[in-house]
Peer 1: 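Take this structure, written in structure tokens, and hold onto it; I'll ask about it next.
What you are looking at is a predicted structure, and each value in this text was computed from that prediction instead of being measured.
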Amino acid sequence: MIRAAAHLDPSGVEADPIAVRRSRALGLAVIAGSVFDPLPREGGWGSALLLDGNVGIGGDVPALLARCAELLRRGGLLVVETDPDPRRDETAECRVRASDGSESAPFPWSRVGLTAVLRAAHGFALERVWELDGRWFVRLRAL
């Protein structure tokens, strides 16, 4: 799930209907759809988070980061969780397998480290890189 936060108006963007229902049942504000769909307040978001591998959505990291730049206002923050290996830059077709053995249709997904994220982060300035409990993050500011 991609989370967008405006002052006092946080919401998530999620394409999976099951995740949308579960999130809403927990009282979370979730927009059902893709980050590439038209979204509320485009160009005015204060921040966005791409955590838990979500920078790999669609297998096209440059396209996703460019879309995030469109959503954020100038000076907005984008926090991206990267692969622990800073050199990782791979895209593959993936499937989600349910506990009953059924599988989703294949979809592209990327796994990228710091080097690939920074290479794709046009329209952003690097602010910070940090590690927490074996997870790596980068904070980018929209120009």
Peer 1: Would you mind listing every ring-ring contact (aromatic ring centres under 6.0 Å, His included) that reaches into residues 124-143, with sequence neighbours excluded?
Peer 2: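 Sorted pair list: W130-F137.
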Peer 1: Do L126 and L78 land in one hydrophobic cluster if side-chain heavy atoms of ILVMFWY residues count as linked below 4.5 Å?
Peer 2: yes
Peer 1: Is there side-chain contact between L140 and L118, with heavy atoms separated by less than 4.5 Å?
Peer 2: yes
Peer 1: Please give me the minimum heavy-atom distance between L143 and A125, naming the atom from each residue.
Peer 2: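 Shortest heavy-atom separation between L143 and A125 comes out as CD2-CB, 3.8 Å.
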Peer 1: Count I, L, V, M, F, W, Y as connected when their side-chain heavy atoms are under 4.5 Å apart, and connections chain through other members. Are L26 and V30 then in the same cluster?
Peer 2: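 Same cluster.
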Peer 1: Of the non-hydrogen atoms in V35 and R67, which two are nearest, and what is the gap between them?
Peer 2: O-NE, 2.8 Å
Peer 1: Verify the neighbour count for atom CG of D133: are there more than 12 heavy atoms of other residues, nucleotides or ligands below 6.0 Å?
Peer 2: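 Not more than 12 within 6.0 Å, no.
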Peer 1: Taking all atoms of both residues into account, what is the closest heavy-atom pair of G58 and P108, and its distance?
Peer 2: O-CG, 3.3 Å
Peer 1: First locate atom OG1 of T91, then atom CZ of R111, and finally report the distance between them rounded to the nearest 0.5 Å.
Peer 2: 11.0 Å
Peer 1: Taking atom CZ of R128 as the centre, does the number of heavy atoms from other residues, nucleotides or ligands within less than 6.0 Å exceed 12?
Peer 2: yes
Peer 1: Quick one: do R87 and D85 make a salt bridge, cutoff under 4.0 Å?
Peer 2: yes
Peer 1: Kindly work out whether a path of hydrophobic side-chain contacts (I/L/V/M/F/W/Y, heavy atoms less than 4.5 Å apart) joins L77 to L71.
Peer 2: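 Cluster IDs for L77 and L71 differ.
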Peer 1: Within the supplied structure, the quantity of interest is the number of heavy atoms (other residues, nucleotides, ligands) at a distance under 6.0 Å from R22 CZ; does it exceed 12?
Peer 2: no
Peer 1: For the side chain to side chain contact (heavy atoms under 4.5 Å, CB included) test, which of V138, L64, N54 pairs with V80?
Peer 2: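 So, applying the side chain to side chain contact (heavy atoms under 4.5 Å, CB included) to V80 and each of V138, L64, N54, only V138 qualifies.
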Peer 1: For residues L65 and L50, determine if any side-chain heavy atom of one lies less than 4.5 Å from a side-chain heavy atom of the other.
Peer 2: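 They are in side-chain contact.
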Peer 1: Strictly distance-based, threshold 3.5 Å: is any side-chain N or O of R95 a donor or acceptor partner for the main-chain N or O of S104?
Peer 2: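 Confirmed, R95 side chain pairs with S104 backbone.
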Peer 1: Would you compute the distance between atom CZ of R21 and atom CG of D16 and round it to the nearest 0.5 angstrom?
Peer 2: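 Result: 8.0 Å between the selected atoms.
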Peer 1: Between E90 and D83, is there a side-chain heavy-atom distance shorter than 4.5 Å?
Peer 2: no
Peer 1: Can you name the salt bridge (charged side-chain N to carboxylate O under 4.0 Å, His left out) partners of D37, sequence neighbours left out?
Peer 2: none
Peer 1: Could you list the residues that satisfy side-chain hydrogen bond (donor to acceptor under 3.5 Å, both in side chains) with S34, not counting sequence neighbours?
Peer 2: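 None.
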Peer 1: Which heavy atom of A48 sits nearest to which heavy atom of L72, and what is that distance?
Peer 2: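 Residues A48 and L72, closest heavy atoms: N-CD2, 3.9 Å.
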Peer 1: For E81 versus V55, what's the shortest heavy-atom pair and its separation?
Peer 2: O-CG1, 3.9 Å
Peer 1: So does A69 get a backbone contact from the side chain of W45, meaning a donor-acceptor N/O pair under 3.5 Å?
Peer 2: no
Peer 1: Using atom types as modelled and distance alone, determine if a side-chain donor or acceptor of R141 lies under 3.5 Å from a backbone N or O of G75.
Peer 2: yes
Peer 1: For R73 versus A142, what's the shortest heavy-atom pair and its separation?
Peer 2: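 Distance-wise, the nearest heavy atoms are O-CB, 3.6 Å.
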